[in-house]
Amino acid sequence: MSNVEKFITAWMNDYNKGIEKFGAPQISLNIEDFEVENEEIYKKYLSQEFPDTNRQVKIYLGILGRKMRFSYMHAMQQRDWALLNNVIYQNTRFNLIYGATLASGTDHSNALWDLLAAFTCNNFDELSIFFPKNFPSGKGKFYTEICRNFMEIMIYHQDERFIETKVLADKFLAKKKTTWEKESILYLLALLERDATACSEHLEALCKAYQRLSEVSAPFKSFPLQVHGWYRFAYYVDPSFFIQIKQPKHWSFFSDFERWHKESSYPKGQLFYQYPEKMDLMNRILQAELPAIQLYENGNGRHTDFVKDTDRFLSELTLGIMNSSQP
């Protein structure tokens with residue numbers, strides 16, 4: 001069974017389980033259902049007057065935008081890889097924007113998961129937005145912080161940070177962590193050292209580790225977006241080295257999609273769906289020039305952490321959207 005067939009089968013299983021458990025579908029099955037559901041959402045929640053535009057943008061993100069996930073099934077059914085590339089772009093751009101408005105009590109390193117998915121459609125433009133240059137280094141409590149440190153060393157050519165980050169990585173790897181966390185760090189170390197054999201081995205291990213991640217739903221076990229994202233990050237860092245890395249042989253790695261990318265010269269995705277005029281705010285949110293993530297210090301003086309400023313991101317995003325709509 002191909003990746004596409006496995007994806008569709010798993011999607012339909014989840015769809016039917018939702019009906020059995022809740023008495024109604026929890027996700028749209030096709031674009032017609034999606035639009036009908038959006039119309040119902042608009043009438044119930046979005047046609048009213050909002051007290052302020054920040055609140056309006058937050059509600060659009062929280063209620064309307066999250067319904068876009070059905071589009072993966074839509075693209076898979078059509079076996080259209082250009083469409084799938086655009087579906088990934090629209091979904092991941094939404095996820096990054098929405099995630100930046102949600103308080104997490106952590107710094108911006110937790111954008112890593114959605115950034116990796118965005119790399120799959122060659123959207124690297126968001127890197128400087130969500131991992132800005134010259135921010136404080138991650139302390140290494142989470143693997144995302146160490147990965148961010150290593151990624152910034154490569155994309156901003158900050159070699160002076162390597163020793164500090166390597167110490168954090170060694171300390172982290174000495175503890176009992178998940179295979180996904182360890183292999184992600186080891187992959188970046190191999191990429192820093194331009195060791196193609198090691199990169200290939202770690203990608204293979206990441207495919208296997210992906211299957212054990214509880215946060216990944218069954219359909220995406222046959223399309224590991226974040227593994228493709230790690231692979232494509234090497235292309236962004238060093239295209240000449242990228243061609244030396246062997247694609248994983250693991251069944252889940254979507255080789256047809258990668259072949260299409262290579263033949264198409266790795267195109268960046270774009271929005272595939274336009275909301276109707278009355279819901280145009282969602283279009284403007286997705287098309288907005290995003291403000292860079294900002295941090296603020298949180299602590300009592302003896303123990304201070306940097307936390308992403310979600311309120312500021314939302315306010316600056318809203319201001320930019322409103323200004324762009326002015327004649």
Side-chain angles (χ1 to χ4, degrees), residues 22 24-28 31 33-71 87-115 117-118 123 125-126 128-132 135 215 270-299 305-327:
F22 300 102
Q26 300 304 295
I27 50 177
S28 302
I31 200 163
D33 290 347
F34 169 72
E35 291 182 330
V36 168
E37 186 174 9
N38 281 346
E39 182 66 28
E40 294 173 354
I41 290 172
Y42 180 83
K43 290 177 181 178
K44 190 172 182 179
Y45 301 107
L46 305 178
S47 59
Q48 61 183 287
E49 291 291 327
F50 291 89
D52 60 75
T53 49
N54 276 11
R55 177 68 174 162
Q56 186 178 16
V57 168
K58 190 73 176 286
I59 289 177
Y60 263 73
L61 283 168
I63 298 179
L64 191 62
R66 297 171 68 184
K67 300 296 182 179
M68 182 57 66
R69 190 175 173 86
F70 89 95
S71 54
V87 163
I88 295 169
Y89 176 82
Q90 188 154 345
N91 276 274
T92 55
R93 185 163 172 81
F94 163 76
N95 289 340
L96 284 164
I97 296 171
Y98 182 57
T101 68
L102 298 178
S104 63
T106 63
D107 71 8
H108 55 305
S109 300
N110 65 355
L112 176 66
W113 185 258
D114 291 322
L115 279 172
N123 180 12
D125 295 344
E126 320 294 9
S128 61
I129 299 295
F130 292 94
F131 288 176
F135 265 33
E215 61 266 37
Q270 54 189 311
L271 298 179
F272 87 96
Y273 179 81
Q274 287 286 320
Y275 288 82
E277 185 175 355
K278 62 185 176 184
M279 304 177 201
D280 186 57
L281 178 59
M282 196 69 235
N283 296 322
R284 287 185 283 145
I285 292 171
L286 292 170
Q287 295 167 358
E289 183 175 347
L290 302 183
I293 286 289
Q294 299 292 329
L295 304 177
Y296 66 89
E297 290 188 69
N298 183 44
D305 290 320
F306 287 97
V307 178
K308 65 178 182 177
D309 193 336
T310 55
D311 291 340
R312 182 171 177 174
F313 182 90
L314 177 62
S315 294
E316 292 183 354
L317 171 67
T318 302
L319 181 61
I321 292 169
M322 295 303 114
N323 288 341
S324 67
S325 64
Q326 298 299 320

Query raised in the report: Taking all atoms of both residues into account, what is the closest heavy-atom pair of S71 and V87, and its distance?
Result: OG-CG1, 3.2 Å
Query raised in the report: Residues two or more places apart in sequence or in another chain: which of them pass salt bridge (charged side-chain N to carboxylate O under 4.0 Å, His left out) with D280?
Result: R284
Query raised in the report: What is the distance from atom CG of L271 to atom CZ of R93, rounded to the nearest 0.5 Å?
Result: 7.5 Å
Query - Spacing of N283 atom CG and Q274 atom CD [to the nearest 0.5 Å] - result: 4.0 Å
Query - S315: side-chain hydrogen bond (donor to acceptor under 3.5 Å, both in side chains) partners, not counting sequence neighbours - result: N54
Report task. Enter the distance from T101:OG1 to L314:CG here, rounded to the nearest 0.5 Å. Result -> 6.0 Å
Report summary line: Of all heavy-atom pairs linking E316 and P291, the shortest is OE1-CB, 3.3 Å
Report summary line: Contacts of D125 meeting side-chain hydrogen bond (donor to acceptor under 3.5 Å, both in side chains) (sequence neighbours excluded), chain-then-number -> K268
Report task. Quick one: list whatever passes ring-ring contact (aromatic ring centres under 6.0 Å, His included) with F135, sequence neighbours left out. Result -> H108
Requested in this report: Working to the nearest 0.5 Å, report the span between CG of L61 and CD of Q56.
Outcome: 11.0 Å
Query raised in the report: Has E215 got more than 12 heavy atoms of other residues, nucleotides or ligands less than 6.0 Å from its CD?
Result: yes
Query raised in the report: Heavy-atom distance under 4.5 Å between the side chains of T310 and L102, does that happen here?
Result: no
Requested in this report: Measure the shortest side-chain to side-chain distance between K308 and S104 over non-hydrogen atoms and say whether it is less than 4.5 angstrom.
Outcome: yes
Report task. Using atom types as modelled and distance alone, determine if a side-chain donor or acceptor of Q90 lies under 3.5 Å from a backbone N or O of F272. Result -> yes
Requested in this report: Evaluate the side-chain contact (heavy atoms from CB on, under 4.5 Å) criterion for residues K67 and N38: first the C-alpha distance (whole Å), next the side-chain angles of each, then the deciding distance (0.1 Å), finally the verdict.
Outcome: CA-CA 8 Å; K67 300 296 182 179; N38 281 346; 4.2 Å; yes
Query raised in the report: Taking only residues at least two apart or on different chains, which pairs with a member in residues 42-70 satisfy ring-ring contact (aromatic ring centres under 6.0 Å, His included)?
Result: F34-F70
Requested in this report: Nearest 0.5 Å please: distance from the CD1 atom of I88 over to the CG atom of N95.
Outcome: 12.0 Å
Query raised in the report: If you look at every heavy atom in A288 and L317, which pair is closest and at what distance?
Result: CB-CD1, 3.8 Å
Requested in this report: List in chain and number order the residues that pass salt bridge (charged side-chain N to carboxylate O under 4.0 Å, His left out) with D33, two or more places apart in sequence or in another chain; answer none if no residue qualifies.
Outcome: none
Report task. Start with the C-alpha distance between Y275 and L64, add both sets of side-chain angles, then the distance that settles side-chain contact (heavy atoms from CB on, under 4.5 Å), and finish with yes or no. Result -> CA-CA 10 Å; Y275 288 82; L64 191 62; 4.0 Å; yes
Query - Under the salt bridge (charged side-chain N to carboxylate O under 4.0 Å, His left out) test, residues paired with E39 that sit two or more places apart - result: K278
Report task. Please identify each residue that fulfils side-chain hydrogen bond (donor to acceptor under 3.5 Å, both in side chains) with E35, with sequence neighbours left out. Result -> Y273
Query raised in the report: In terms of heavy-atom contacts, does CD of E289 have more than 12 from other residues, nucleotides or ligands at under 6.0 Å?
Result: no
Report task. Determine which pairs satisfy salt bridge (charged side-chain N to carboxylate O under 4.0 Å, His left out) with at least one residue from residues 40-59, sequence neighbours left out, and list them in order. Result -> none
Query - With sequence neighbours excluded, residues passing side-chain hydrogen bond (donor to acceptor under 3.5 Å, both in side chains) with N123 - result: E126
Report summary line: salt bridge (charged side-chain N to carboxylate O under 4.0 Å, His left out) filter on D107, not counting sequence neighbours, yields R148
**Report entry** Side chain to side chain, I293 and F131, heavy atoms closer than 4.5 Å
**Finding:** no
Query raised in the report: In Å and rounded to the nearest 0.5 Å, what is the CG to OG1 distance from L319 to T53?
Result: 8.0 Å
Query raised in the report: Can you list the residues that meet the ring-ring contact (aromatic ring centres under 6.0 Å, His included) rule with F313, with sequence neighbours excluded?
Result: none
